[in-house]
Amino acid sequence: MLRIKSILENKQPGESLEICGWVRTRRDSKHGFSFIELNDGSCMKNLQIVVDNDVPGYEESIKLVTTGASVKITGTVKESPGKGQRIELQATHLEVLGISDPESFPLQKKKHSFEYLREIAHLRPRSNTFGAIARVRNAASAAIHNFFQENGFLNIQTPIITTSDCEGAGEMFHVTTLDLARLAQAKTEIDYSQDFFGKPASLTVSGQLEAEIFATSLGPCYTFGPTFRAENSNTTRHLAEFWMVEPEVPFADLDDNMRLAEDFIKYVISHVLKSCQEDMEFFNLRIDKTVLETLHHILDHEFKRVSYTDAIEILTSAKKKWEYPVEWGHDLQSEHERYLTEEHFKKPIILHDYPRSIKPFYMRCNEDGKTVRAMDVLVPRIGEIIGGSQREERLDTLEGRMKECNLDPQEYWWYTDLRKYGTVPHSGFGLGFERLIQLLTGMQNIRDCIPFPRTPKNAEF
RNA sequence: UCCCCUGUAGCUCAGCUGGUAGAGCAAGCGACUGUUAAUCGCUGGGUCGUAGGUUCAAGUCCUACCGGGGGAGCCA
């Protein structure tokens, strides 16, 4: 099927072709012809179609050519006498495939608020912005796979359903086949042995633990799949269902990990800038006037490595009034992270070696007894886009940390086995795919960076 | 979950100190035009989120609930 993108790029006057798509707008001339702006999603631009009134069935058909209608058109490519396009299509046949009642079609030839478009998520991909987001998302996804494939990483599909009830932090969605309505009335303890898996099960919050299994068997690997968090988060950067990229690399320490994260982000940005030029220019013009500048700035500068302890020092000596006090041992607040990346360094930074008391059990303990080999990549505007660490590979230290975090090592027997049999230093991180899309497009709200956002009280479509 | 803002025609909003609703855009029709966010004219379209309350009278004040947005926390 011929697409408008390739027609606009390659076709020359004189060539005949057939094209299908959706009408964005129609302008009539009473002197006997009409202009149709046709879009098929292959690119931002529309193909201008000229329909003379001698086209068979013109009188009846042209009335049905309204915004949103689908049409099939045959015609000849012409040099366009008008401004705004190199070529246009002179129609010889026009067929309306599907009408679109202009009285009720929710998308109009005007700007719509993102809040409104979110309510019509089944139609918003037909708008300029959401078409562009879908194409950028696709390009970013392809770039992610390319990056890892080119570097010898194995793509691993880790489970969606899990029975390890404490993969990390975060509330989990329960998965059950038990009859909840009956249980609600029964007032007895729930007998999970009667449930589908014979014990409590949930949707995964991370594929990391399973990825570690393959990393310590087959070498560098990565997962790229859906992740679920049942947190009651209502922000512009949280979703209950989102996609996460999680590489895991054996024989790699935290420095290797930070280098990988930086190379990875730069590779994806660079690829998207190259393959989605038109869409990126649109974002820069209509969504965020600084997005191209920001992305190029990221490409041109090294991510600044800053230890948590140094960051605390910078924040303490900053001439700023903090809503939350800065104190070693406490997690950094949004205002602190934003200050560091947006004001102090003015570029992405990698914070590393956090206090062990605020980080999960699997992060490698440092000799100082106070910190762990954790790292967060923070970017301007979005904040944390990557969280990762070197993993604790020493069995006794790992078990000690589990107990410290009130976890039962028995529950993680297969995870600790990896330390019992041929343990190796290894590292990895998780990247929130939709946050990356936010960074790439300049879109303010993460709900507009995924086709069908799931947030508290919202799972339509 | 907490704090703040908000909910009026298909969409975006106005409606000041309470007296039963208006604009722009969209849509329909007409005019005009190789047009391109086209332009001009006319027309239709709203039990003002829901439920109570105060008042002679509420879109306008009060309460609760529901929805939307922003910020915070949690994190990716």
Side-chain angles (χ1 to χ4, degrees), chain A residues 24-38 45-52 63 66-68 78-85 88 90 100-120 127-128 168-171 205-208 224-246 261 286 323-324 330-335 337-338 358-360 376-379 382-388 429-439 444-450 455-458 460:
Chain A
R24 282 294 170 79
T25 176
R26 184 192 90 213
R27 297 178 291 273
D28 291 331
S29 163
K30 277 290 175 292
H31 282 284
F33 61 98
S34 303
F35 294 100
I36 298 173
E37 290 287 333
L38 196 70
K45 287 202 185 80
N46 302 320
L47 177 63
Q48 175 162 288
I49 316 251
V50 182
V51 190
D52 284 339
K63 286 182 206 150
T66 54
T67 303
K78 273 199 341 184
E79 208 168 300
S80 179
K83 285 179 183 169
Q85 59 279 320
E88 61 191 21
Q90 182 73 47
S100 171
D101 178 12
E103 290 274 10
S104 62
F105 185 59
L107 277 175
Q108 301 171 355
K109 293 189 297 185
K110 56 170 281 190
K111 278 184 188 168
H112 289 291
S113 67
F114 293 131
E115 292 81 13
Y116 172 67
L117 289 169
R118 236 169 265 153
E119 292 170 7
I120 49 167
S127 66
N128 287 333
E171 290 294 310
V205 294
S206 165
Q208 180 199 320
F224 186 1
T227 309
F228 308 89
R229 303 276 166 92
E231 300 285 353
N232 191 7
S233 298
N234 292 290
T235 78
T236 52
R237 55 191 186 286
H238 287 87
L239 291 166
E241 178 182 287
F242 64 99
W243 289 68
M244 188 150 68
V245 181
E246 296 179 285
R286 296 289 171 83
E323 194 181 333
Y324 294 86
H330 288 115
D331 216 347
L332 297 181
Q333 305 295 314
S334 275
E335 56 170 344
E337 295 183 346
R338 294 190 68 137
I358 58 172
K359 288 294 181 183
D376 284 354
V377 178
L378 308 179
V379 295
I382 317 289
E384 183 179 346
I385 196 167
I386 279 180
F429 61 79
L431 167 120
F433 186 53
E434 285 73 22
R435 287 191 183 172
L436 177 66
I437 302 302
Q438 279 187 285
L439 177 69
Q444 295 283 322
N445 198 315
I446 200 165
R447 291 162 214 174
D448 301 321
C449 293
I450 188 168
T455 52
K457 302 280 186 294
N458 188 352
E460 191 70 47

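Quick caveat: nothing in here was measured; it's all calculated off a predicted structure. The chains referred to below are lettered A, B, ... by the order of the sequence lines, with proteins before strands, and numbering in each begins at 1. The figures that follow rest on heavy atoms only: side chains count, while hydrogens, waters and symmetry mates do not.
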Problem - Rounded interatomic separation in angstrom, taking OH from Tyr116(A) and P from G69(B) - result: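 Distance check: Tyr116(A) OH to G69(B) P gives 15 Å.
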Practice task
For C65(B) versus C3(B), give the span between their P atoms, rounded off to a whole number of Å.
Solution key: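 Comparing P positions in C65(B) and C3(B) gives a spacing of 12 Å.
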Exercise for the section: Look at the side-chain N and O atoms of Ser233(A) and state whether any lies under 4.0 Å from the OP1 or OP2 oxygen of U1(B). Expected result: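 Answer no for this pair, as no side-chain N or O of Ser233(A) is under 4.0 Å from OP1 or OP2.
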Problem - Protein-nucleotide distance (Lys111(A), atom NZ; C25(B), atom P), rounded to Å - result: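 Nearest whole value for this atom pair: 15 Å.
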Practice task
Rounded off to whole Å, could you give me the CD-to-P distance for the Glu119(A) and G68(B) pair?
Solution key: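 Rounded to the whole Å, the gap is 8 Å.
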Problem - RNA chain B: 5'-proximal contact among Phe105(A) and Arg118(A) (nearest heavy atom) - result: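 Its nearest nucleotide lies further toward 5', so the answer is Phe105(A).
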Handout entry: Rounded distance in Å between the C1' positions of A57(B) and G19(B)
Key =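 Roughly 6 Å separates the two C1' atoms.
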Exercise for the section: Report, as yes or no, whether the 6.0 Å neighbourhood of atom NZ on Lys45(A) holds more than 12 heavy atoms from other residues, nucleotides or ligands. Expected result: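 No, because the 6.0 Å sphere around NZ of Lys45(A) holds 12 heavy atoms or fewer from other groups.
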Handout entry: Opposite nucleotide pairing with A72(B), Watson-Crick or G-U, both atom distances under 3.5 Å
Key =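 Checking every strand shown, A72(B) finds its partner in U1(B), with both distances under 3.5 Å.
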Handout entry: Inter-nucleotide P distance (U20(B), G59(B)), Å rounded
Key =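 These two P atoms come out 10 Å apart once rounded.
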Handout entry: Euclidean distance, atom CD1 of residue Ile446(A) to atom P of C74(B) [Å, nearest integer]
Key =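 Distance, rounded to whole Å: 17 Å.
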Exercise for the section: Using the P atoms only, state how far U6(B) lies from G49(B), rounded to an integer number of Å. Expected result: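 The answer is 13 Å between these two P atoms.
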Handout entry: Pairwise distance CD(Gln438(A)) to SG(Cys449(A)) - rounded to 0.5 angstrom
Key =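 Rounded to the nearest 0.5 Å, the CD-SG separation comes out at 5.0 Å.
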Practice task
Of all the heavy-atom pairs spanning Leu436(A) and Ile385(A), show the shortest one and how long it is.
Solution key: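 Closest pair (atom of Leu436(A), atom of Ile385(A), distance): CA-CD1, 3.7 Å.
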Handout entry: Check: Gln444(A) side chain, Thr236(A) main-chain N or O, donor-acceptor pair, under 3.5 Å
Key =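 Here the side-chain-to-backbone pair does not exist.
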Exercise for the section: Could you check how far CZ of Phe114(A) sits from C1' of U6(B), rounded to whole Å? Expected result: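 Phe114(A) atom CZ is separated from U6(B) atom C1' by 19 Å.
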Exercise for the section: Between U1(B), A72(B), A26(B), spot the one nearest the side chain of Asn232(A), thanks. Expected result: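 Shortest atom-to-atom distance from the side chain points to U1(B).
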Practice task
Could you tell me whether Ser104(A) contacts a base, only the sugar-phosphate backbone, or nothing, with contacts defined as non-hydrogen atoms closer than 4.0 Å?
Solution key: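 Ser104(A): no heavy atom of the nucleic acid under 4.0 Å.
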Practice task
Give Leu431(A) one of three labels, base, sugar-phosphate or nothing, depending on what nucleic acid heavy atoms sit under 4.0 Å from its own.
Solution key: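 Nothing, no heavy atom under 4.0 Å.
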Practice task
Write down the distance between CD (Gln444(A)) and P (G70(B)), rounded to a whole number of angstrom.
Solution key: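 It is 9 Å, rounded to the nearest whole Å.
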Exercise for the section: Could you tell me which nucleotide pairs with U39(B) by Watson-Crick or G-U wobble geometry, both distances under 3.5 Å, or answer none if nothing does? Expected result: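 Its partner is A31(B).
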Practice task
For Phe433(A), answer base if it contacts any base atom (sugar-phosphate contacts may also be present), sugar-phosphate if it contacts only those atoms, and nothing otherwise; contact means non-hydrogen atoms under 4.0 Å.
Solution key: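 No contact.
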Problem - Span that lies between the C1' atom of A14(B) and that of U55(B), in whole angstrom - result: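 Their C1' atoms lie roughly 26 Å apart.
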Handout entry: Lys457(A) side-chain proximity, nearest of G67(B), G73(B), G69(B)
Key =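 Nearest to the side chain of Lys457(A) among the choices is G67(B).
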Problem - Atom pair distance, as rounded to whole Å: CG in Leu436(A) and P in C75(B) - result: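 Result: 21 Å.
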Problem - Asn234(A) side-chain N/O to G71(B) phosphate OP1/OP2 under 4.0 Å - result: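 So the side-chain polar atoms of Asn234(A) never come under 4.0 Å of the phosphate oxygens OP1 or OP2 of G71(B).
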Exercise for the section: Quick one: closest heavy-atom pair of Ser80(A) and Gln85(A), and the distance? Expected result: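 Looking at all heavy atoms of both residues, the shortest contact is OG-NE2, 3.0 Å.
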Exercise for the section: Quick one: label Arg237(A) by what it contacts on the DNA or RNA (base, sugar-phosphate, nothing), any heavy atom closer than 4.0 Å. Expected result: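 Base, at least one base atom sits under 4.0 Å.
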Practice task
Output the distance between atom NE2 (His238(A)) and atom CD (Glu231(A)), rounded to the nearest 0.5 Å.
Solution key: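 Answer rounded to 0.5 Å: 8.0 Å.
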Problem - Residue matched to U63(B) through Watson-Crick or wobble contacts both under 3.5 angstrom - result: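 The answer is A51(B), by the H-bond criterion.
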Exercise for the section: Searching all strands shown, indicate the nucleotide that pairs with C25(B) (Watson-Crick or G-U wobble; both distances under 3.5 Å). Expected result: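 C25(B) is paired, partner G10(B).
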Handout entry: Thr66(A) side, atom OG1; Phe105(A) side, atom CZ - distance, nearest 0.5 Å
Key =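 The OG1 atom of Thr66(A) sits 8.5 Å away from the CZ atom of Phe105(A).
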Practice task
Can you check whether any acceptor in the base of G68(B) is under 3.5 Å from a donor in the side chain of Glu115(A), or vice versa?
Solution key: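 A donor-acceptor contact between them is absent.
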Problem - Rounded P spacing from C61(B) to C29(B) in Å - result: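 The same atom, P, in both gives a distance of 41 Å.
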Problem - Atom C1', compared across U33(B) and G68(B): separation rounded to whole Å - result: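 Straight-line distance between the two C1' atoms is 42 Å.
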Practice task
Could you measure between the two C1' atoms, the one in G22(B) and the one in C48(B), and give it in whole Å?
Solution key: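 To the nearest whole Å, 12 Å.
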Exercise for the section: Quick one: pull up CG in Leu431(A) and CG in Leu439(A) and give me the separation to the nearest 0.5 Å. Expected result: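 Taking CG in Leu431(A) and CG in Leu439(A), the distance rounds to 9.5 Å.
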Handout entry: Any side-chain heavy-atom pair of Ile358(A) and His330(A) under 4.5 Å
Key =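 No; the side chains remain at least 4.5 Å from each other.
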Exercise for the section: Give Arg447(A) one of three labels, base, sugar-phosphate or nothing, depending on what nucleic acid heavy atoms sit under 4.0 Å from its own. Expected result: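 Here Arg447(A) touches the backbone only, sparing every base.
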Handout entry: C75(B) OP1/OP2 closer than 4.0 Å to side-chain N/O of Thr235(A)
Key =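 No.
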Practice task
With rounding to the nearest 0.5 Å, note down the distance linking CG in Asp448(A) to CD in Glu115(A).
Solution key: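 The distance works out to 8.0 Å.
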Practice task
Can you check whether any acceptor in the base of C11(B) is under 3.5 Å from a donor in the side chain of His112(A), or vice versa?
Solution key: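 For His112(A), whose side chain was compared with the base of C11(B), there is no donor-acceptor pair (under 3.5 Å).
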Practice task
For each nucleotide in nucleotides 30-40 of chain B, reading 5' to 3', give B when a protein heavy atom comes within less than 4.0 Å of its base, S when such contact involves only the sugar-phosphate, and - otherwise.
Solution key: -SBBBBB-S--
Practice task
Specify the separation, in whole Å, of atom NZ of Lys63(A) and atom C1' of C29(B).
Solution key: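 Answer to the nearest Å: 12 Å.
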